[in-house]
Structures are given as structure tokens and as C-alpha cells.
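Okay, structure first, notes after.
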Amino acid sequence: MRKNRKNRNITVFFLLGVCVFIFFILNICIGSVRIALPDVARIFSGQESNETVTRILWDIRFPRATAVLILGGALSLAGYLLQTFFNNPIAGPFVLGISSGAKMVVALVMVFLMGRGIRVTSASMIFAAFIGAMLSMGFVLLMSHRIHNMSMLVVSGVMIGYICSAVTELVVTFADDADIVNLHNWSRGSFSGMTWESVKVMTVVVAATFLAVFLMSKPLGAYQLGDAYARNVGVNLQLLRVCIVIFSSILSACIVAFAGPISFVGIAVPQLVKKLLNTTEPILMIPACFVGGSAFCLFCDLLAKTILAPTELSISTVTAIFGAPVVLWIIKGRKA
Amino acid sequence: MKNYYFSTKKMCVGYDNKLLIKDMEIKLREGEILCLIGPNGAGKSTVLKSIAGQLGLLGGTVYLGEDDLSEMKAEELAKRMSVVFTEKVRVELKSCRDMVATGRYPYTGWFGILSEEDELIVDEVMELTHITDLSEKDFDKISDGQKQRVMLARAICQEPEIVVLDEPTSYLDIKYKLEFLLLLQEMREKRGLTVIMSLHELELAKIVSDKILCLKGEYVERYGTPEEIFESDFIELLFDMNEKDFIGNERLHAYMKQIGKYER
């Protein structure tokens, strides 16, 4: 039995890894200009002389695919953390209004700074998004003290999301034309226009947070048993809670700052990965959620780019098509 | 404090700064079994949670040996005291063996990976508690009684010196109730395990415990050996019952008279 489990884990990680690899390559090859695989290899080894193709690959496709890989993993991990925190299978940064809160503050900051002609850096965007995420999270936490019903908590999260979106819309309406176009594209969620500069920043932030979360896998496992038993085995509950809130907010903030709010990945992927692994053990779930989220987002971004090419779909449209049925399936499968 | 493994000094317990029971003095030697009895809502669970450090004390001190419990490190306490509470545990995709293994938490390293030795202890405890057949069953899908037995095994797997159990027998049928009491006796003889628990079944409390603590009202109503507690009509007083109310129903009347008596 124990050996079976081990084999299963290895298989799942291997398959997810293969998916990430394949979708990554496809993302690089497919687009308005199709680049054949041998050409990609040649460009990487520096033999290709076609300047345009090289530029497309290096400056557009490659950073974009890398960003999708990192942010997709981060999104899924944020969802897993929130689900564990609230002991609620349909919690996630999007349904709890955390993404929308981050979006609101980022929109405010962008309009304010751009209106004064100040360039907005990636770091300040993340920081603004983090403040917004913490703001929404604060509200959700306040509500969760009073409401112990999981569906009601989600409903209040959705309401917070609506309020934040309304404020964002309001800001956009009053902003200058140039900003609106910029904001509107981003506020619907998109991976387009990633630069190496952004990729560098997000890699550092997400990698550090991932590592910190992974180091928490033991207390997270005990936390799943409930407060009393977690405390009894020596878990510092208060510290753990603060850590989960901060880390999930950082991850959500990072995604919103670079790609805007993206729905359903945070809920759907951890649930699917959990079924694949047949366990909720954090030490396996944390890395598996990350890899699974990367694969899922690479797949969705591929579709977003290609279905109606040259027009690009917003990423949330695609993630919703594949993610929403998963949520319905979870609700259907629950006992009460 | 000498010679006592567990003791409390002027312990005051309650919720949200609302005082429930004042100035509790409990003294237990190593390997003794203490039962808390009292009517519903008397504060048995509150006392147990306070003893286990789950609820802050409103006054006084709890000692394990010479050590003040409130000054002990959480990891240290985890190796000495384990608990089983009545709250339902909801976990997903965890086998019963996984559940029992969570008791090894204080002994594993940073990532919580079980060593060969840990695995052996888990198997051993499951054998000892007769739940080996539940091993691969999904914890979420077994009965309440089975869950109770798994949680007890989990508590023993933590290799404590003292266990705090809140109504550990409530879902068990008579066979497992007796098996559970047998297990407690075995654990105290082999490992010197000290037990503090609440029980609803007075008959069981009578035969298993060394000390009984009766709770009712603001102060400890009575604390002593079973002989001292189950004398005259004290039980009737404790539970606000009157033998005369049952005159007319022969069987209940006989039962009432027998509960109050102590016989070994």
C-alpha cells in the first residue's frame, strides 16, 4: 500500500511535469507567426539569423510563457492555501474578493501616478496589489468570525469582489483616455505584454514565497486536523494563521499586479491535483499544486491566444470554461 | 507539589473572561485515573480544555510534576500530554492509519516525515487499540464510534505521560467501552499513563477511576475516591434527582437506588 502510494506520487508529478513541458513548447511555437521546433532549437543555440523571429521568440513568447508558468503556479498555490485556511473547498483568491481588492488598489495607484506622469514600477505594483489583497482579506476574516457557514463566507467574498470591481470601474470612468485602454485590458486579466524585467521580479517574489510555504508544510498538515489537535501537537496557531494570510496575499498580489485578476484557477487546480494524488498532505500538495497550476494556465493561455487569432481572448474567459465545471462538480460531490 | 504527577493550584476556568468554576485543587499521582462527572453544562469540557492548555486560565496554575504548564514550550507539552475532544474532525482523503500517524507530529523533523521507528510505533499502537482492520479505511467514511477509537489511538501514538479525554466513550458500544477501560488500565500499568477524562456513565466512572471530581455550580462540588463520592444520596444531589420521583416505576426506582451505592 505504501509503495503504491509512492508510485502514484511519482507518476502524478512526472505527468504534470510533462504537461508543463509540452504546453510551454507549444506556447513558444504557436502564435501569429508559427515557429517550427527546429527553428526554436536553432534560435536557442544562437545559430538563427532571422532577426524578426528571434526577437518574437526572445522578447515576446519566451517571457510570456515563463510568466504564465510562474503566475499559474502561484495562483493555484494561493488557492490551496486559502482552501486550507478556511477549510473550504471553493475558497480562492478570486471568489473571496482578494483579487478584486488587489485590482482596485492597483487601479487607483495607476490612475493616480500615471495622471502625474510618473512611471509605475513592477515592485510598486506588487506592493499596491498586496495592500489591496490584505484589505479584502481583512474583510473576509472579519466576516469569517461571524459566519461559520462556508457558502455564506463565499457569498460575502463575492460581494466584496463586486464592491471592489464597482470602485475600479468608477475610477476607470473618471480617468484619462490613454489610461482607460491600458487599465481595461489589464483588469480583465491577460498574460500579454510580459517583459523580462517583470519576469525577473515575479520569479524572485514567487520563488521566495513558494519556499516559505513549502517549509510550512508540517504545521499546515496539523492545521487540517482542526484547531484543538493542531494546538495539542505544538503548532503555534496564531503565527501559522498570520503566515498563511500574508503568503496567500503576496501570491495573489503578484498575479494581479502582472496579469490582472484570473478566475477559477485557484479553486479548480488544487481540487483536481488532490484527486490525482488522492491525498491532502501539504508536503505533496504544495509542489503539485504549483506544477498543476503552471500546466493549466499554459494550456489556457495557449487557447486564449489561438482560438480567435489574431484577436486574443481574456485569460479568465478560458479558465472559466474549464474551471467553473470543476467547481460545480465539487459542490455536487459534497455531502452537506 | 512533591510526588504528584499532575496538580492544579487555585485553578479558575471559564470562557471569554466569564468565570465558570473557581479555585480548583486537583492532585494526581502518576498512573492515576481521574473522572469528571456532573450534569450537562456543568463545565466538564471547559475544565478539560483549560487543563490541556486550549483555553487560557482565568487564574491559578496547572503543574505537570514541578513544571508550570503555562511556561512550558508547546513542543515540550506535546510530547507529554495528548488529547481527545468531542469536536468532530473533518479531514479529506486520509486513511485511519494516516490519522493515527498524525500523533507522531511532535517527534518528526522539519518536514514531518515519519521514520521507520515512527511507522513501527503507529502499527504497534493500532494493534494495541484493535483498529488494525480499519487501517486503510477512509477516516471520513467510518462511524462515529470507529472515529472515536481512531482518535484515541492517535492520542496514544503521541506517547504522552498524561491524556486528557472528553467523553471518550460516548459513541462506543458496550464491548468497546469495556475494551477502552481495559486499555486504560493496561496503559497505566505498562507506561504509568495518567488519565483525566469526563464520563457520562457513572457505573464506568465508579469502577475505573482512582479519583472523581464532581462539578456543579461555581466551586468543585466534591473531589475524592469513588468510595467517598458514591455514598448515601450524593449522586441524587449532584444531578438534582429525587429517588421518590421514581416511586411507582419499580425498575427505575431500583436502578436509582443502585446508582448511588458503591460496591466493588
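Quick note: numbers below take in every heavy atom, side chains included, and nothing from hydrogens, waters or symmetry partners. Chain A is the first sequence line, chain B the second, and so forth, proteins listed ahead of strands; every chain is numbered from 1.
Here the straight-line distance linking atom CZ of F85(B) with atom OH of Y229(A) works out to 7.0 Å at 0.5 Å rounding. Here the OG1-CD distance, from T102(B) to Q224(A), works out to 10.5 Å after rounding to the nearest 0.5 Å. For the atom pair CE (M216(A)) and CH2 (W110(B)), the distance works out to 10.5 Å, reported to the nearest 0.5 Å. The NZ atom of K218(A) sits 3.0 Å away from the OG1 atom of T108(B) when rounded to the nearest 0.5 Å.
Enclosure of atom CZ in F111(B) by more than 12 non-hydrogen atoms of other residues, nucleotides or ligands within 6.0 angstrom is indicated. Within 6.0 Å of atom CE in M72(B), more than 12 heavy atoms from other residues, nucleotides or ligands are found, so the atom counts as buried in its surroundings. Heavy atoms of other residues, nucleotides or ligands lying less than 6.0 angstrom from CZ of F139(A) number 12 at most.
Side chain to side chain, Q54(B) and D227(A) fail the donor-acceptor criterion of an N or O pair below 3.5 Å.
Proximity to chain B involves both the backbone and the side chain of L215(A), based on heavy atoms less than 4.5 angstrom apart. Contacts between S135(B) and chain A at a heavy-atom distance below 4.5 Å are absent for every atom of the residue. Both the backbone and the side chain of V84(B) come within contact range of chain A, each with at least one heavy atom under 4.5 Å from a heavy atom of that chain. Both the backbone and the side chain of L225(A) come within less than 4.5 Å of a heavy atom in chain B.
Of all the listed residues (S217(A), P282(A), P219(A)), the one sharing the greatest number of non-hydrogen pairs under 4.5 Å with chain B is P219(A). Ranked by non-hydrogen atom pairs under 4.5 Å with chain A, the options K88(B), M99(B), E119(B) are led by E119(B). The greatest number of non-hydrogen atom pairs below 4.5 Å with chain A, out of G103(B), G109(B), S95(B), is found for G109(B). No other option in S82(B), A52(B), G53(B), A155(B) has as many heavy-atom pairs under 4.5 Å with chain A as S82(B).
The backbone N or O of G234(A) lies less than 3.5 Å from no partner atom in the side chain of K73(B), so there is not a single donor-acceptor pair. At least one donor-acceptor pair under 3.5 Å links the side chain of T280(A) to the backbone N or O of E92(B). A distance-only check finds no donor-acceptor pair linking the side chain of K94(B) to the backbone of T279(A) [under 3.5 Å]. Judged purely by atom type and a 3.5 angstrom limit, D98(B) has no side-chain atom pairing as donor or acceptor with the backbone of E281(A).
Nearest heavy-atom pair across Y105(B) and V233(A) is CD2-O, 3.3 Å.
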